[in-house]
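What follows is one structure encoded as structure tokens, with my remarks underneath.
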Amino acid sequence: QRFPGIGRPATPAEVAAWDIDVRPDFKGLPKGQGSVSQGEKIWETKCASCHGVFGESNEVFNPLVGGTTDDDVRTGRVATLKRNDYPGRTTLMKVAYVSTLWDYINRAMPWNAPKSLTTNEVYAVTAYMLNLARIVPDDFVISDANIAEVQKRMPNRNGMNTSHAMWPGDEFAKGVKPDVKAAACMANCAAETKVASSLPDHARNAHGNLAEQNRLVGPQRGVATTTPPKP
Amino acid sequence: QRFPGIGRPATPAEVAAWDIDVRPDFKGLPKGQGSVSQGEKIWETKCASCHGVFGESNEVFNPLVGGTTDDDVRTGRVATLKRNDYPGRTTLMKVAYVSTLWDYINRAMPWNAPKSLTTNEVYAVTAYMLNLARIVPDDFVISDANIAEVQKRMPNRNGMNTSHAMWPGDEFAKGVKPDVKAAACMANCAAETKVASSLPDHARNAHGNLAEQNRLVGPQRGVATTTPPKP
Amino acid sequence: ASAAATTAIAQQREGDPAILELPEHSKGLGKPVVTDGYGKPSQYERNVQRRRSPGLTQTAQASVSFAPLQSLFGIVTPSGLHFERHHQGWWDVDPSKHRLMLNGLLKTPMVFTMDDIMRLPSVSRFHFIECGANTGMEWGNVAVPTCQYTHGMLSCSEFTGVPLITLLEMAGADLKQGRFVLAEGADGSSMTRTIPMSLVKSGEVLVAYGQNGEMLRPENGYPLRLVVPGVQGVSWVKYLRRIELGDQPWATKDEVIHYVDLMPDGTHRQYTSIQECKSVVTTPSGGQVLLDKGHYTITGLAWSGRGKVKRVDVSVDGGRNWRTARLQDPVMSKCLTRFSLDWAWDGKPAIIQSRAIDETGYVQPLKRQLREVRGTRSIYHNNAIQSWLVQESGEVGNVHLA
Amino acid sequence: ASAAATTAIAQQREGDPAILELPEHSKGLGKPVVTDGYGKPSQYERNVQRRRSPGLTQTAQASVSFAPLQSLFGIVTPSGLHFERHHQGWWDVDPSKHRLMLNGLLKTPMVFTMDDIMRLPSVSRFHFIECGANTGMEWGNVAVPTCQYTHGMLSCSEFTGVPLITLLEMAGADLKQGRFVLAEGADGSSMTRTIPMSLVKSGEVLVAYGQNGEMLRPENGYPLRLVVPGVQGVSWVKYLRRIELGDQPWATKDEVIHYVDLMPDGTHRQYTSIQECKSVVTTPSGGQVLLDKGHYTITGLAWSGRGKVKRVDVSVDGGRNWRTARLQDPVMSKCLTRFSLDWAWDGKPAIIQSRAIDETGYVQPLKRQLREVRGTRSIYHNNAIQSWLVQESGEVGNVHLA
Ligand code: HEC
Ligand code: HEC
Ligand SMILES: [Ca+2]
Ligand SMILES: [Ca+2]
Ligand SMILES: [Ca+2]
Ligand SMILES: [Ca+2]
Ligand SMILES: [Ca+2]
Ligand SMILES: [Ca+2]
Ligand SMILES: [Co+2]
Ligand SMILES: [Co+2]
């Protein structure tokens, strides 16, 4: 023992109390089940106030549901994600794994009372959310037994990519080089010196008076944004 | 000009307002004068409340006056400083230069109203302090003209030493080596392992309850000093 | 003109009242020691605060506050100004009741108290932490006025803690099978992130309790957070309660739904963790106004999630010509590096930029170069070169060039 | 015994309530961002404060507060816990009215505003500051219980400022004739100190405004102080208002009356400025009680006013045998260095010491070695090896050995 007297074994009850994570291969998923209609009731009392009755609200957060099609359910790629003119991105447009939803709802939702749902309630609201996006039918009962089948219908299940140089190890992909390559030109470089974007005048004071966001002494002051710019 | 636009020349009036320092060679000393008896009056109204009528008080600070002899005035060495059994050290026992006194009183005293004395008042209280230690006679008038003579009577004027390795340059002395030399023995060293001094029991709680002076978690706690030590 | 000349002469004879009339503090007795057992900044520093960006988030508990980079010096971020990012609000957790559990692919699942952890050998290292969404508002157009808002989800501290590998070894971790760890927090979101064992094995990943000499601040995970150098802030799990060793990644909400980078082809990059090499000029910067022509010291911060900053170049003509800046030592790995360069402003418009290069040779890209590969919908990991336009009035604005 | 065994089994089945019963913060929504625009430590850190030593000084404005070294990590001292030493109280000076004047042996006496100074090229450096009187209460006998009081007039910060030599050169300083500068503060004492031009010329002496990323704290000289690396704190003049270049030293009160070292022969060493190589174990240290036998990490701080710390040795048997400790990098010049060493406490009495060696080869002395040369009446510059006695009860005391 390298460090005598430090730390102790965890009891099985202790591990059970905290080991709540659920992986994409469903390791960690507790047994249980919940129907769409059960989920609807829970949703309406415990989730809709923040996320909207159809998961469409963006009052406290991005909409959870919307933007996916039956075709996406078939292909596993959310088509609208390829469109540069479609600004919104709902949770169900992005999420690749049903386990991610289950795990997160189970640990963190409802936001103001996390970990208050029973296992079956988590199954049920998950079913309800999936039903809103027509991933599962109205009479569906999701359970640990059939969740792997549900995974095969996740609309963006094929929309992810882990082959990039921004993971600090070779666990996902080996030898990938950074994707953006720039060179360090020093003189007479081909530069764009035309201003293409700047803060519109009406937004001048949108972050408050910048004169009050800089020190009172120093090489400069904050700009008084309560008055228009000097010529 | 290496840094255009930064800084500006000081005006003569500005330099005069701030350039108040007085060196041992009396550079910076303004013309003026003050008598012991003038000094006594100022002392009693403006200094005695803190330093005592005879500069003997240690209520707000070490005594200023005391511990010097006529012999010291002659030799320029305060004899009691050589005695290990004499604990107190007054300002006049230590100070080598009269300029130091003048400069400090002028800039910093009275403590609660620094820079409120006139030049002549500073001369006068300096004279009074020196008189208390019999460095100048009762009827003495100190001035810029005779202060160099006074310097020759400062009791500890020869009691200083600048030849040591603790000044980070060779301005005072060149090539002096550190005075304390230790070696880094690693094993079976000749060590004193008998406890010669420790905090007496009655002082256990003198700095407050140490349990409240250490973090609530960590490798240890603070000792509860409100109760006696455990055996 | 003659009146002005007279004033000038009078002033020459007289001088600045701030000098001629001694201030109160030169003529009085000041305040006692321990006026504050724990001190605070000067009242004159009240403008130096962390701030929210209006409208950026819909709630204040799943939100962010930005560090005032425009007013900071050197590389250390004062803990009181450290940027905040919470997903379910912050807590002041009682450290005597806080526990860290290790489970998964190891011989003995274990529990550690704070006392236990603080008895183990620790290291102290300076590292930056940057939110993956830093500069995210600026992928398309200029959206915010100052470097507090463009780059302020960035801070740098001296972190003290125990290498996670030490704890894993104590629990008999299976270092062959175990390729990923899950880090889990104790807050409402019980924030979870997958961390590569390759990084853990390097000894760089810390279970940290110390920040800038004292304990972590509650907003930053008191009493325990994971420190994952070079990796985006959301992986630095706060209120750390559990570490699980596993053979597969976890696909947690914040690595596969939220902190994902949308590519032009409509796929999402998941597990994009590293904060690539980046820099920003903080003086002068957007929302400031220069007082005068003449000498200025252009200064800013550079950093790389892949190691040390090797070089920083600065341009004052919008990128046509560059000069190499001074770097303040010590230059440390995965840590902020302060750069500076002298500049005499002639009063004409100027566009100021900085470009950092790290020890791997990676060059910080132009916005255009970044967009060419990643489009404009990526949100995360915008490490493009920042441009500040100094106008003739002295006012400095945030601009994108094309 | 059987009751204890039953409890143990029950506990095995059940476990720690701090784990089994989820804490409030795992089941609720926390506080919003920018609850504090400038944050503060956890409520559970309330014991970590700077403190006065009762009876040490007769007033609270000419006094000192000690940093809680026993509770700090790494090398950075949080600015709120930086030790204080005032001679005439502290002030919160308006920086827009603060001026720095240069006069003496130079072509043009000059005035700088804070705006001017902050426009000049600056450097940021980590340095310790130690009061010359630190550990002064311990020349003779044990006087105080904890390392907060024995060694707490010590702090370390990242300072940002302009090398004083830059300003002197701007004013056309006579670098031949000018061998000393006088630094003068703007507080009531208008604190003055003589500084060697040799050190100024090296570029190390800074006119500093930044401390740990923000401005200096008012207690530490806001908005401007001199930084004189390696030299005792009283020379780091606060509220710096004036620099005079001269050909002779000034013999100011605090260099020839006050911060003077009384030698056994009755002479006073004046201008003793350098803080010689020194170290102290902060964990475990006086006034603490160890909770248990087993592993501990002995850790502490080492520093030298002459440059870098080269090595630190630690003894647990009162100096008979020593082991070399780990040093946390980066090891910087005239900066605190954190050392640590593993130790398994067997529950028996132990005397813990540390001994630092700097890059000049200087070895931190025993108390005896120091006293042999300097006696016991020196007050200043006590850099002797500190001994902490760990008793069987776990209680740690401050002891001197003989
Ligand atoms: C009081 C408000 C509130 C309630 C009630 C609430 N949520 Fe949420 N929900 C949020 C917020 C805010 C977030 C974003 C948290 C973050 O930033 O990490 C969120 C995030 C989510 C997400 C992740 C979305 C994503 O893209 O990252 C899911 C799924 C979710 N909620 C489901 C639910 C369910 C199911 C319920 C009810 C059982 C529920 N929520 C109740 C406020 C709420
Ligand atoms: C309100 C209290 C107070 C008053 C009034 C006062 N002093 Fe002082 N004096 C002090 C204190 C406190 C110190 C120590 C300051 C320090 O720690 O640097 C001091 C220090 C001194 C010293 C330096 C002593 C040394 O050894 O460093 C001299 C000389 C002195 N005073 C002279 C005077 C004179 C002359 C007057 C009146 C004109 C005066 N004082 C009025 C409180 C006072
Ligand atoms: Ca134990
Ligand atoms: Ca698990
Ligand atoms: Ca100017
Ligand atoms: Ca002068
Ligand atoms: Ca983040
Ligand atoms: Ca001091
Ligand atoms: Co997020
Ligand atoms: Co003093």
Side-chain angles (χ1 to χ4, degrees), chain A residues 3 6-10 15 18-19 21 23-25 59-61 81-82 91 94-97 100 104 107-108 114 159-162 164 166-169 171 178-180 182-184 186-187 189 191-199 207 210 212-216 219-223 229-230, chain C residues 44 47-48 58-59 71 101 103 108-112 116 119-120 141-142 145 170 179 182 188-190 196 198-199 242 248 250-251 253 256-257 266-274 283-284 287-290 296 318-322 357 362-363 365 369-370 373 393 395 397 399-402:
Chain A
F3 302 113
I6 297 188
R8 63 163 177 87
V15 176
W18 280 10
D19 183 11
D21 59 271
R23 291 198 314 203
D25 62 355
E59 262 168 46
V60 296
F61 193 62
L81 286 174
K82 296 177 201 164
T91 301
K94 293 188 286 178
V95 65
Y97 314 102
T100 304
Y104 181 67
R107 68 174 59 246
M160 73 278 197
N161 177 353
T162 56
H164 53 73
M166 291 169 75
W167 172 260
E171 286 84 358
D179 54 346
V180 182
M186 290 303 284
C189 314
E192 306 127 332
T193 50
K194 223 189 89 239
V195 170
S197 170
S198 61
L199 212 62
H207 278 73
L210 301 180
E212 290 161 12
Q213 301 186 17
N214 277 271
R215 185 170 282 119
L216 301 171
Q220 67 280 308
R221 299 290 181 276
V223 173
K230 285 192 212 136
Chain C
Y44 301 103
N47 287 357
V48 184
Q58 296 93 324
T59 78
S71 302
M101 182 185 288
N103 72 318
T108 322
M110 285 188 79
V111 171
F112 296 89
D116 287 328
R119 275 170 68 177
L120 289 170
N141 288 306
V142 165
M170 286 174 76
R179 294 170 64 232
L182 181 77
S189 78
S190 295
S198 47
L199 200 65
R242 191 169 66 94
Q248 284 181 36
W250 272 265
K253 171 248 198 190
V256 299
I257 304 183
T267 57
H268 281 113
R269 284 191 180 159
Q270 296 176 336
Y271 302 102
T272 46
S273 304
I274 289 179
T283 294
Q288 299 184 326
V289 54
L290 304 189
Y296 284 87
R320 204 162 288 279
N321 296 285
W322 298 80
I357 306 176
Y362 176 96
V363 179
Q369 295 168 323
L370 192 65
V373 179
S393 63
E395 199 172 310
V399 295
H400 291 189
L401 304 179

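Throughout, protein chains are lettered first and strands after them, A, B, ... in sequence-line order, and every chain is numbered starting at 1. Model, not experiment: these values are computed from the prediction.
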Toward chain A, the part of [X] with a non-hydrogen atom under 4.5 Å:
{"X": "C/V399", "answer": "both"}
{"X": "C/L290", "answer": "both"}
{"X": "C/N103", "answer": "side chain"}
{"X": "C/Y271", "answer": "both"}
{"X": "C/I257", "answer": "both"}
{"X": "C/S71", "answer": "both"}
{"X": "C/V289", "answer": "both"}

**Study point:** Counterpart residues, ring pair (Phe, Tyr, Trp, His ring centres under 6.0 Å), relative to A/W18 (two or more places apart)
**Key:** none
Point to revise | Nearest-0.5 Å distance, OG1 of residue C/T267 to NE2 of residue A/H164 | key: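 Rounded to the nearest 0.5 Å, the OG1-NE2 separation comes out at 10.0 Å.
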Check your understanding: Say you draw a straight line from CZ of A/F61 to OG1 of A/T91; how long is it, rounded to the nearest 0.5 Å?
Key -> 5.5 Å
Contact winner vs chain C - [options], heavy-atom pairs under 4.5 Å:
{"options": "A/M160, A/R221, A/K82, A/K194", "answer": "A/R221"}
{"options": "A/A187, A/P229, A/G169", "answer": "A/A187"}
{"options": "A/V95, A/D179, A/V60, A/L210", "answer": "A/D179"}
{"options": "A/A191, A/P219, A/S197", "answer": "A/S197"}
{"options": "A/P24, A/P168, A/A96", "answer": "A/P168"}

Heavy atoms only, distances under 4.5 angstrom: which of [options] has the most pairs with chain A? Name it, please.
{"options": "C/F112, C/Y362, C/W250", "answer": "C/W250"}
{"options": "C/I274, C/T59, C/I357", "answer": "C/I274"}
{"options": "C/S189, C/S190, C/S393", "answer": "C/S190"}
{"options": "C/N141, C/N321, C/L401, C/L120", "answer": "C/L401"}
{"options": "C/T283, C/T108, C/V48, C/V363", "answer": "C/V363"}
{"options": "C/Q369, C/M170, C/M101, C/R242", "answer": "C/R242"}

For residues [X] and [Y], determine if any side-chain heavy atom of one lies less than 4.5 Å from a side-chain heavy atom of the other.
{"X": "A/L81", "Y": "C/H268", "answer": "yes"}
{"X": "A/R23", "Y": "C/L182", "answer": "no"}
{"X": "C/P284", "Y": "C/Y296", "answer": "no"}
{"X": "A/W167", "Y": "A/T162", "answer": "no"}
{"X": "A/E171", "Y": "C/S198", "answer": "yes"}

Point to revise | A/N214 and C/Q288: side chain donor to acceptor below 3.5 Å | key: yes
Check your understanding: Would you find a donor on one side and an acceptor on the other, under 3.5 Å apart, between the side chain of A/T100 and the backbone of C/A251?
Key ->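 Checked: pair present.
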Review point. Judged by atom type as modelled, is there a donor-acceptor pair below 3.5 Å linking the side chain of A/Q213 to the main-chain atoms of A/H207?
Key: yes
Point to revise | Contacting region of A/Y104 [heavy-atom separation from chain C under 4.5 Å] | key: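 Contact with chain C: side chain only.
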Check your understanding: Which bit of A/E212 is near chain C, if near means a heavy-atom gap under 4.5 Å: side chain, backbone, both or neither?
Key -> both
Point to revise | Greater than 12 external heavy atoms within 6.0 Å of C/Q58's CD | key: yes
